[in-house]
There are 2 protein chains.
Amino acid sequence: MKKISMKDIAQELNTSITTVSFVINGKSAEMGISPATEKKVRDLIKKRGFNPNSAARMLRTGKSKTIGLIVEDIGNYFFGNIAKIIEVEANKNGYSVFFSSTENNDDTARQLINKMRNSSVDGYIITATQGIREEILKLKKENVPFVLIDRLIPDVETNYVILDNYSGSYNLTRHLIDNGYQKIGFISIFSEMSMMTEREKGFQQAMTDAKLTVPAKSILKVNFSDSEEKIIKTITRYVKANPQLDALFFATNYLGVMGIDALQKCKLTIPTDIAVVSFDDNDLFRLLSPSITVAAQPIKEIAIQSIELLLKVIKKEQKQSMTVGEIIKPEIIIRESSPKIKK
Amino acid sequence: MKKISMKDIAQELNTSITTVSFVINGKSAEMGISPATEKKVRDLIKKRGFNPNSAARMLRTGKSKTIGLIVEDIGNYFFGNIAKIIEVEANKNGYSVFFSSTENNDDTARQLINKMRNSSVDGYIITATQGIREEILKLKKENVPFVLIDRLIPDVETNYVILDNYSGSYNLTRHLIDNGYQKIGFISIFSEMSMMTEREKGFQQAMTDAKLTVPAKSILKVNFSDSEEKIIKTITRYVKANPQLDALFFATNYLGVMGIDALQKCKLTIPTDIAVVSFDDNDLFRLLSPSITVAAQPIKEIAIQSIELLLKVIKKEQKQSMTVGEIIKPEIIIRESSPKIKK
DNA sequence: TAAACTATTGGAATCGGTTACACAAAATGC
DNA sequence: GCATTTTGTGTAACCGATTCCAATAGTTTA
């Protein structure tokens with residue numbers, strides 16, 4: 001059974017392809033198609049189950065009704081759920097979503113952007129990696145619609161939706177301090193990305209404001225690309241080398257997860273031996289016993305803001321050059337891992 | 001700056017579009033393009049950064065080099081990671097991936113299949129919902145390549161990659177029995193899907209083989225579509241109503257997660273008050289204290305088998321009519337939640 | 001030397017829509 | 001009653017790659 005085309009429809013109705021096209025694209029009124037003709041066409045289309053060939057349409061119009069979603073890791077709780085919401089919203093607006101994970105690798109990210117470029121996506125939602133400055137600038141120069149989420153490229157003006165990492169981190173640290181913790185260890189990854197540097201700044205500022213000092217040795221940075229075991233070992237060593245600490249601040253949720261593992265290996269109990277807070281929520285932190293205090297990212301809000309912003313840019317309501325940013329405030333969720341300290 | 005096309009390349013080299021096309025598609029030898037010409041073309045292509053327009057190619061060939069991935073919930077640990085691996089493997093083979101979540105809703109699933117059909121994906125990987133029998137039959141009849149994963153449609157022969165739910169469940173139950181548990185509660189969802197019925201059968205058979213009876217009241221079924229709170233309440237009630245139970249078998253990982261929550265609410269300690277095992281692994285089960293014994297799905301294996309099978313079908317090495325199924329054995333991971341019982 | 005090949009390359013139809021433009025018929029104006 | 005505008009529909013160029021079918025030049029064979 002051959003696929004049916006507009007031509008077939010037109011022939012069967014003894015009308016022209018133009019007429020059919022106008023009807024399909026809802027331009028009947030604008031182009032002055034008589035209601036009778038329009039009905040005839042619509043009925044046959046339904047009867048035959050005709051669907052316009054997207055390749056042909058795409059070739060002619062240059063629009064694919066497709067957006068590219070580039071995240072760090074679709075298998076991750078945060079990005080997986082972001083993806084889900086973006087996909088639903090995109091669908092509502094007639095768009096499909098291509099997705100890909102960068103694994104935080106610059107080359108992968110570069111390839112993905114180019115690859116999607118070739119399959120002519122109409123716009124991107126991207127979680128940038130550190131080294132793709134050039135690619136982002138190129139997209140901007142060529143006026144391709146895109147929105148950065150979760151992290152920015154330093155000194156590059158773009159549309160974005162990010163978390164207020166600084167204030168989240170500040171408030172989370174503040175919560176610890178208010179509960180009596182003073183020797184707080186900060187565990188993060190080596191990274192120049194704004195999201196990470198802002199978190200550190202927030203932590204430092206909260207400590208400074210409370211007139212607390214942060215000795216260099218109580219800050220640990222690990223390599224993102226190291227294996228889980230290696231990171232756990234590193235954290236274990238760090239914890240053992242810093243028995244004075246009364247609380248730990250993990251800068252990301254996966255660090256928090258690995259950190260809890262490390263603390264168990266050190267036979268330390270949360271929160272009696274040491275309190276724990278983490279940036280980013282996930283199922284584990286909520287259900288663990290004790291549950292973990294976190295600065296949570298409002299996933300739904302981030303996802304919806306980013307797809308809405310992108311669609312605006314695509315529809316040109318929002319010129320690419322007029323950059324707009326949404327800064328989402330994290331929510332501090334206080335759980336059992338950081339109770340008031342008893343002096 | 002206008003996009004450059006094959007025509008531009010051909011013109012600049014004073015050659016024909018045909019020649020350029022042959023070179024691009026690696027048919028130089030076959031079509032007898034001289035090495036000199038080939039090099040000339042390749043060099044200019046690289047220099048100009050030319051990429052063939054996928055819409056045009058798609059229109060002409062009818063192939064989109066795209067596969068559709070339809071899962072239950074991309075935000076879920078299992079499917080998120082499946083998606084990630086499938087995407088990487090697809091990419092290696094020159095394919096892009098469209099994805100969508102059904103949320104286990106028949107209508108959504110139907111729409112997604114049709115939608116992808118229109119954007120002419122070359123093949124599907126689908127986690128079926130219960131009510132899409134007709135759609136699957138239609139795909140089959142029209143000879144569209146697809147592979148079902150995670151669950152089958154009863155009495156419909158298709159290519160598939162699923163878990164051996166029966167044996168996983170049998171072995172997991174067996175593990176409990178071997179460790180001395182006899183009054184085992186089974187908590188599942190209302191579902192006719194083979195994956196769920198097989199799990200129950202495996203459980204029942206293991207019990208029967210051990211000459212243990214399963215009273216009706218020790219089996220609980222909840223509604224998948226109910227809210228998390230409601231399910232947790234239901235489980236709580238069930239646990240309180242069945243104090244005789246010495247172990248709980250959760251048939252899915254999200255039930256396990258909610259169940260642990262419920263047990264905490266009942267002030268019951270795992271495993272001293274009651275042992276716990278669950279189908280499907282996740283981070284939580286591994287890191288929880290005590291950690292939870294599970295029948296784990298080998299995610300990587302499932303993902304790779306399914307994409308490989310689909311690509312085979314697409315390449316016609318594997319006719320759609322010659323259905324092939326891969327049955328993956330789950331791995332029983334014994335952790336702290338199900339120790340040997342002391343009499 | 002003409003015929004028959006072979007090795008390369010080019011011309012042009014084609015895929016299925018979109019849309020500028022042309023054109024006919026009907027309506028309106030003067 | 002003729003010119004002009006409005007209304008409705010058809011024609012055909014075009015998007016950019018693929019591929020069948022020639023075509024040309026150079027070689028070999030009879």
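Proteins come first, then strands; the chains are lettered A, B, ... in the order of their sequence lines, and each starts at number 1.
Between the CE atom of M58(B) and the P atom of dG16(C) there is a distance of 12 Å, given to the nearest Å. Regarding K7(B), its NZ atom lies at a distance of 10 Å from the P atom of dA17(D), rounded to whole Å. N53(B) places its CG atom 17 Å from the P atom of dC14(D), with the value rounded to the nearest Å. Between R48(B) atom CZ and dG16(D) atom P there is a gap of 17 Å when expressed in whole angstrom units. Rounded to an integer number of Å, the gap from CG of L59(A) to P of dT14(C) is 17 Å. Distance D8(B) CG to dG16(D) C1': 10 Å, rounded to the nearest Å. If you measure from atom CE of M6(A) to atom P of dT19(C), you get 11 Å, rounded to the nearest angstrom.
No engagement by K63(B) is indicated, since no non-hydrogen atom pair under 4.0 Å with the nucleic acid exists. Within 4.0 Å (heavy atoms only), S5(B) reaches sugar-phosphate atoms of the nucleic acid but no base atom. Residue contacts shown for R60(B) include a base, since a base heavy atom lies under 4.0 Å away.
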Taking N or O atoms only and anything under 3.5 Å, show me the protein contacts with nucleotides 8-10 of chain C, one pair per line.
unit_1: dT9(C); atom_1: OP1; unit_2: S34(B); atom_2: OG; d: 3.4
unit_1: dT9(C); atom_1: OP1; unit_2: T37(B); atom_2: OG1; d: 2.6
unit_1: dT9(C); atom_1: OP2; unit_2: S34(B); atom_2: N; d: 3.0
unit_1: dT9(C); atom_1: OP2; unit_2: T37(B); atom_2: OG1; d: 3.3
unit_1: dG10(C); atom_1: OP2; unit_2: T15(B); atom_2: OG1; d: 2.6
unit_1: dG10(C); atom_1: OP2; unit_2: S16(B); atom_2: N; d: 2.7
unit_1: dG10(C); atom_1: OP2; unit_2: S16(B); atom_2: OG; d: 3.3
unit_1: dG10(C); atom_1: OP2; unit_2: T19(B); atom_2: OG1; d: 3.2

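Looking at K140(B) and E157(B), their side chains come closer than 4.5 Å, going by heavy atoms from C-beta outward. Looking at K7(B) and Q11(B), their side chains come closer than 4.5 Å, going by heavy atoms from C-beta outward. A heavy-atom distance below 4.5 Å is found between the side chains of E87(B) and F99(A). Counting heavy atoms from C-beta on, the side chains of V20(B) and T15(B) come closer than 4.5 Å.
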Quick one: do D150(A) and T127(A) satisfy side-chain hydrogen bond (donor to acceptor under 3.5 Å, both in side chains)? Show the steps, please.
CA-CA 6 Å; D150(A) 197 50; T127(A) 43; over 6 Å; no
Would you check, one step at a time, whether the test salt bridge (charged side-chain N to carboxylate O under 4.0 Å, His left out) holds for K47(B) with D43(B)?
CA-CA 6 Å; K47(B) 188 170 155 205; D43(B) 287 351; over 6 Å; no
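Ion pairing between E103(B) and K84(A) holds under the 4.0 Å rule for side-chain N and carboxylate O.
For F98(A) and F98(B), the distance between ring centers is under 6.0 angstrom.
N25(A) has a side-chain polar atom (N or O) that falls below the 4.0 Å cut-off from OP1 or OP2 of dT18(C). Residue R57(B) places at least one side-chain N or O closer than 4.0 Å to OP1 or OP2 of dT18(D).
Axis angle between the ends of the helix from dT1(C)-dA30(D) to dC30(C)-dG1(D), five pairs each and rounded to 10 degrees, works out to 60°.
Nearest heavy-atom pair across I67(A) and A90(A) is CD1-CB, 4.5 Å.
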